[in-house]
Colleague: 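First the structure, then my questions, so here it is.
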Amino acid sequence: MREAATASTIWQKQRGRRLAAIRFRRFTASNLFVLGAVTVVLFIVACAIVPSIIAPYSPTEMLTDSIMQPPSAAHLFGTDYFGRDIFSVVVYGSRDSLFIGFASVIVGGLAGGAIGALSGYAGGWLDAVLMRCNDILMTIPGILLALAIAGALGKSLFNIVLAVAVASIPGYARIMRSQIISIKGRTFIQASQAAGASPLHIFWKHVLPNSLSPLLVMATIGVGTSILTGSGLSFLGLGVLREVPDWGTLLSQGRGYLTVAWWICTFPGVAITLFVLAVNIIGDRLRDQLDPKKSMR
Amino acid sequence: MFIAGRILSSLLVIAGTLVLVFAILYVLPGDPTDTMLDPSVATPEMVANLKHQLGTDQPFYIQFSRYISDMVRGDFGNSLLNSEPVLNKIIDHFPATLALTAVSALVAAVFGLVLGVLSAIHRNGPIDLIARVVGLFGISMPTFWSGILLIVLFSLNLGWFPAMGSGGWKTLVLPALTLGIVGAGFIVRMVRSSMLDIINEHFMLTLRAKGLSERIVMYKHALRNALIPAVTMVGMLIGEMLAGTVVIETVFSRQGIGRIMSDALMAKDLPVVQGVIFFTALIYVIVNLLVDLSYTVIDPRVRRST
Amino acid sequence: MNRNRSRFQSSAAVLLVLALVLSACASNKGENNKSQQAQQSDTPTTAATEVKQGGELTYALATSPDTLDPHRSGLAVAVRVIRTIYDSLVVQLPDNSIKPWLATSWEISEDGLSYTFKLRQDVKFQDGTPFNAEAVKYNFDRILDPATKAANAAALLVPYQSSEVIDEYTVKLNLATPSRAFLGNLSQALLGIVSPTAAKKDGDQFGLNPVGTGPFKFVKWEENAEIQVTRNPDYKWASELVTNTGAPYLDGITFKIVPEEATRIGSVQSGQVLAAETVPPQNIVALKGDSKVQLFEANTVGLPYTLFFNQDHEPWNDVKARQAVQLAVDVDSIVKTLYLGTYDRAWSPLTPGTFGYDPTLENSVKPDLEKAGALLDEIGWVKGADGIREKDGKKLSLHYVDGTPNREKRNDIAVIIQQQLKALGVAVEVEITKDIRTIVYTNGSYDLYGNSQVNSDPNALYSFYHSTDPKALPSLTRLSDPSIDKLLEQGRIETDDTKRADIYKQIQHYIIDQAVILPIYVFPYTVAADKSVKGLVFDSLGYPLFNAVSIGS
């Protein structure tokens, strides 16, 4: 019955898109906000792609004579306990952070989406089995699952991604399944079934394309959630130590200095928060755009 | 029939959880002896002897069947590290976690509902924006960081609340706030959008047309209908919050099952991990069962559709 | 929840003509005698002070103890609590001499294989059980019994074989091989004496209901929250390490478990606890300016934090390659950057407080990148286009393994060394793992691995530098040099202290000259405490002793 909440119909969707297009032209505070969010995400993605252009120092250079310097003109975000320029470290650190965010969403979203689609479309005993398995994964709190997986596989960036991805599978599977079930029941699907189209064809041509939007919204927000889960793992001691650490590791390692040199963990923390915030704002807007009922406002 | 079916499948889920956790722990490298014996002083024989005493040198099926038969007899086993009965551990620690989770859920529900309703009523206005941003901040900050910031501000600098411990309501304030604002973020979003859905629905227009005041329409009808997704959300959030306690209990030095579980996981203290997982799974399943049942109370239409 | 903190209502102050003004001097450590913290108890000031009776000390620990059964514990943090509940047969003073405690005197047989202890006759366990030879025998046999699941205590008790009760208060311990380290080990808290009655009664659960002869009695343990101990009013058998031989001044101690550093230290400053252990260096520096808080420090003894080369792996079996790394790693800079001058740099495989430590090694190694490069050039490792050295098409890499979590900023050391060795042309791959036993000890998959060991005797070197029996696990260094083997074997049994010290000096020189290891820092156990806390001292291993602690106004 939870599925009912996300159910939508095709005609509504199309009408919704038209309305949304009209509304978007209106200049509202909310749009300004989304614009800001897009800018933040674009900037951070740029940091990850071409950090050397943005960062003034090498992220590994340790100026041991000037450790723990507060923010200044020379060091915008100050220096850390190694004497590294925090701004540069944060800029370069976006690489691993975004990698954790995007890669785990891709892995988790694809796996969860596939399980959910299979389960929802096939129905019957397969659905029952898959969903019980999904419930099992869901009852184990995500971070503990990630903790166990990261512990079992050892520390590496890839394993962190895998741990976070597996922990996110049940959520994707659930939302995908409910969407598929609701689309499956639509009259136009029944019509094509009656017309003799093969189930695979119907699935591929009609069901899947119409079921993807909630998954996409969830995946967008999931990029942020994954970064947060990853930083939680760092906090619990399962982070990876790389030459240039990701934001979560920077934040969790710098937190011991909070009362002595607040800038060491504050800026990586702000970077995480800003990015996740921006991704959430974009996700919310996407949801509004894709969900016909909400676009009527 | 519906309820019986749900309970049966819940039991299956719990059983499956136990098998999965056991399997994960079995493949997890390491052994409690890593904690008990310093590898730089212990000889391999000492390690082997200790493993034998603890039974961790047995193959998977023997360990597992032993575990299941104990469980069936109601014996959760003893901690491998200090032999404390796992059930005692859970009974000792669960109240603190329950208190934290309950108060956090309350904080989340209150903040979430208030902000969500405000934001729906003043949609697209400045209040809406502020409410949404506040809600989003909650879900955008790593909890260990927001927790430490709260400690520094309210405990170390202002001295209003204790920074640690698990006795008395005062120790609950900061951790529940940290965890609650995360949940609030999700609820704000949910309440806002479902209220807007309902506001736009035809029957609301009818109600308005009938001359009911805007206020009554909003609070009596819109809010009531918006509660369903919010309650569902709280149900799902209980699971998230139980997981969140793993981090929060460490940050605030609280007792609780989240912390004993992460410690036990690190030390590979298998009976403890199993026992705690069993309990959290049980709670999760029960809460979701209750959530499902609560729909029938909030919304009579659901009764028919099941 | 009904924690009755009576620390502010001081009971009637009792005049005790005891020579003790420790707290003040404890915080301003001298330049050189930092490691000799506890030694201050040997040179008591003669001023008579009024010691305040009563009060409860709240003491924040960094992690949860595993068990309070000394024979089953594997964690240093547990020892801080265990030491308050249990006493040992003997005590080791900071000058490394062994003095009576529960044993009044002892005799060692000519062959070094049997130790006969005369025991104190006025000692009772906290549950009323009399302390006697039978109890001592029970304790050591208990550790040997596999059913006890003894942990590190089992390793400390080696080469103990059996005990004989000679009479009510005389017990003879038989060893398999002579061992000069044995008495020192007996002084450790993990070989503390437990009540036989309680241990038999509670069996497996003894660690949750501990009973010993110590100055404090166990009250309760709320896991992950706190452990309470209360004053043992009958106590009158303290060791020479403390000035108060009678019952403690405090009514009790509540150990709070506070893992988060910022919270732990912050709660001393905000008055939520009276003392907190393991103060991070950056906070030590900050606390020095805090008028409400004082700092206690005690350097630990044994092996400092040391990076061990694995000599099974090419090219680290070549002394020149190791020396190159020794010259390229700027330890001073590491210690200064990370510990901000609060930790001492280590120079030898032993820490300064340990018997036989050779101070002449200090300043014996100076960083010299040029010379380091020349050494590597000499053995054929030349810089390639990317700045990394190569030989026969193979890149020069060093697999650096460290354990998790980032204890004492050890992971940060790896980060710095990675950068320092990059300048030399060595690619350092850092692996941080929880599974040290498998990766390091069983598989030996490391080129450099860091570890430290708190130990009361230089014989600790044996298991790190003696070539090993092919059947046993190899040592961390994989060192195999007959001359060193011989010295280590002699050191183990040599009864003449001067000769013994000389043996260990030779060993230390060899290890540094051959660059077998890189010693990094000596770990000081640090406690931040409210200024009202007086009389905290440390035993020779750096564990706190609360017998003479009082809370002044």
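All chains are named by letter (A, B, ...) in the order of the sequence lines, taking the proteins before the strands, and each is independently numbered beginning at 1.
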Colleague: I'd like to know whether W262(A) forms a side-chain contact (heavy atoms from CB on, under 4.5 Å) with V152(B), so could you lay out the CA-CA distance, the side-chain angles of the two residues, the decisive distance to 0.1 Å, and finally the verdict.
Modeller: CA-CA 11 Å; W262(A) 57 269; V152(B) 170; over 6 Å; no
Colleague: Just wondering, more than 12 heavy atoms not from F22(B) lying within 6.0 Å of its CZ?
Modeller: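 Yes.
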Colleague: Just verifying a value: how many Å separate F144(B) CZ and L236(A) CG, rounded to the nearest 0.5 Å?
Modeller: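 CG of L236(A) is found 9.0 Å from CZ of F144(B).
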Colleague: If I measure from the heavy atoms of chain A, does I139(B) come under 4.5 Å with its side chain, its backbone, both, or neither?
Modeller: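 Both parts, backbone and side chain.
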Colleague: With T17(B) as reference, evaluate D135(A), I136(A), L137(A) under the side chain to side chain contact (heavy atoms under 4.5 Å, CB included) test and give the passing residue.
Modeller: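 That would be I136(A); it is the only one of D135(A), I136(A), L137(A) passing the side chain to side chain contact (heavy atoms under 4.5 Å, CB included) with T17(B).
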Colleague: Check whether C265(A) gets within reach of chain B through its side chain, its backbone, both or neither, counting any heavy atom under 4.5 Å.
Modeller: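 Both the backbone and the side chain of C265(A) come within 4.5 Å of chain B.
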Colleague: What's the spacing between N280(A) CG and R189(B) CZ if we round to 0.5 Å?
Modeller: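 Here the interatomic distance stands at 5.0 Å.
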Colleague: Checking heavy atoms, do the side chain of L258(A), its backbone, both or neither come under 4.5 Å from chain B?
Modeller: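 The answer is the side chain of L258(A).
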Colleague: Heavy-atom distance under 4.5 Å to chain A: side chain of I277(B), backbone, both or neither?
Modeller: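 The answer is the side chain of I277(B).
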Colleague: Got F235(A) and V251(B) here, is their nearest side-chain heavy-atom distance under 4.5 Å?
Modeller: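 Counting from C-beta outward, F235(A) and V251(B) do come under 4.5 Å.
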Colleague: Pick one of side chain, backbone, both or neither for T259(A), based on which atoms fall under 4.5 Å of a heavy atom in chain B.
Modeller: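 Contact with chain B is through the side chain of T259(A) alone.
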Colleague: Considering only heavy atoms, which portion of V13(B) lies under 4.5 Å from any heavy atom of chain A: side chain, backbone, both, or neither?
Modeller: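 Both backbone and side chain.
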Colleague: With sequence neighbours left out, what residues match F77(A) under ring-ring contact (aromatic ring centres under 6.0 Å, His included)?
Modeller: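 If we apply the ring-ring contact (aromatic ring centres under 6.0 Å, His included) test to F77(A), skipping adjacent residues, the hits are F87(A), F267(A).
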Colleague: From W145(B) CH2 over to I272(A) CD1, what is the distance, rounded to the nearest 0.5 angstrom?
Modeller: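 CD1 of I272(A) is found 8.0 Å from CH2 of W145(B).
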Colleague: Heavy-atom distance under 4.5 Å to chain B: side chain of I221(A), backbone, both or neither?
Modeller: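 Side chain only.
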Colleague: Output every pair passing side-chain hydrogen bond (donor to acceptor under 3.5 Å, both in side chains) with a member in residues 219-229 of chain A, not counting sequence neighbours, ordered by first then second residue.
Modeller: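 Passing the test, one end in residues 219-229 of chain A: S104(A)-S226(A).
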Colleague: Hey, which of S231(A), G232(A), A278(A) has the most heavy atom pairs under 4.5 Å with chain B?
Modeller: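 Of the options given, most contacts go to S231(A).
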Colleague: Between T273(A) and P142(B), what is the shortest heavy-atom contact and its length?
Modeller: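 Residues T273(A) and P142(B), closest heavy atoms: OG1-CD, 4.2 Å.
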Colleague: Determine the option with the most heavy-atom pairs under 4.5 angstrom with chain A, choosing from S146(B), A15(B), G16(B), G185(B).
Modeller: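 The answer is G16(B).
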Colleague: Counting only heavy atoms closer than 4.5 Å, note whether L228(A) contacts chain B via side chain, backbone, both or neither.
Modeller: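 Side chain of L228(A) only, per the 4.5 Å heavy-atom cut-off to chain B.
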Colleague: Could you tell me which portion of V270(A) (side chain, backbone, both or neither) has an atom closer than 4.5 angstrom to a non-hydrogen atom of chain B?
Modeller: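 Contact with chain B: backbone and side chain both.
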